[in-house]
Amino acid sequence: MGLDLWHEGARIITVAGLPPIGCLPIVITVFSGEPLTNRRCIDRFSTVAINYNFYLQKELDLMQNSLAHLGSKIFYLDVYNPVYEIILDHRRFGFEEVSRGCCGIGYLEASVLCNPKSYVCPNTSAYVFFDSIHPSEKTYFILFKALRPIIDSFLSSF
Ligand SMILES: *[C@@H]1O[C@H](CO)[C@@H](O)[C@H](O)[C@H]1NC(C)=O
């Protein structure tokens, strides 16, 4: 994959890891067992993401070694920890709702189920998630601010 991207002209490649998937509203709804009353993160799913991220980093290190002589760099970008911090401490970031999406009833809707006819909550900024899978614009912006110095350091190391 690294070499294919290099042939396309890429010289700085950043690969983001997985977020804490056990905290996605849709995962909580499907696997909580009591989706209306127990909307806590489900750790066993987030553990899968942690393991995936671990092997992803190893794989990216190997790719980096095979691309180094070509003057190319591959970076792993940790989104798990900043997203988890927002979820755990959502009130400190100004959010009111963390386990439901803003679109629809917030438990299941995503993709085509969120469409121009869907109900949308009055204040998107109060929600960590816009739909049952995707972060809201405010969450993305906080994430961007958390990642910006890291991305800048990638660029300046090149
Ligand atoms: C929307 O929610 C955020 C976070 O709770 C709050 O800071 C903001 O004042 C709200 N905006 C409106 C228009 O209610």
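These figures come from a predicted structure and were not determined experimentally. One-based numbering, in listed order, for ligands and for the atoms of each.
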Can you give me the closest heavy-atom contact between I28 and G22, atom names plus distance? CG1-O, 3.6 Å
In Å and rounded to the nearest 0.5 Å, what is the CD to CD distance from Q64 to Q57? 13.5 Å
Tell me whether the NZ or CZ atom of K138 lies within the 45° cone about the ring axis of F95 and under 6.0 Å from its centre. yes
Atom 9 (O) of ligand 1 sits nearest the protein heavy atom N123 ND2, 4.8 Å
Identify, for atom 7 (O) of ligand 1, the protein heavy atom at the shortest distance, and state residue, atom and that distance. G94 O, 4.9 Å
Between D61 and K58, does any side-chain N to carboxylate O distance fall below 4.0 Å? no
Got an N/O contact under 3.5 Å between E96 and ligand 1? yes
Any protein heavy atom nearer than 4.0 Å to atom 5 (O) of ligand 1: yes
Heavy-atom distance from atom 14 (O) of ligand 1 to the protein below 4.0 Å? yes
Test side-chain hydrogen bond (donor to acceptor under 3.5 Å, both in side chains) on T139 and S136 and set out the steps. CA-CA 5 Å; T139 304; S136 65; 3.1 Å; yes
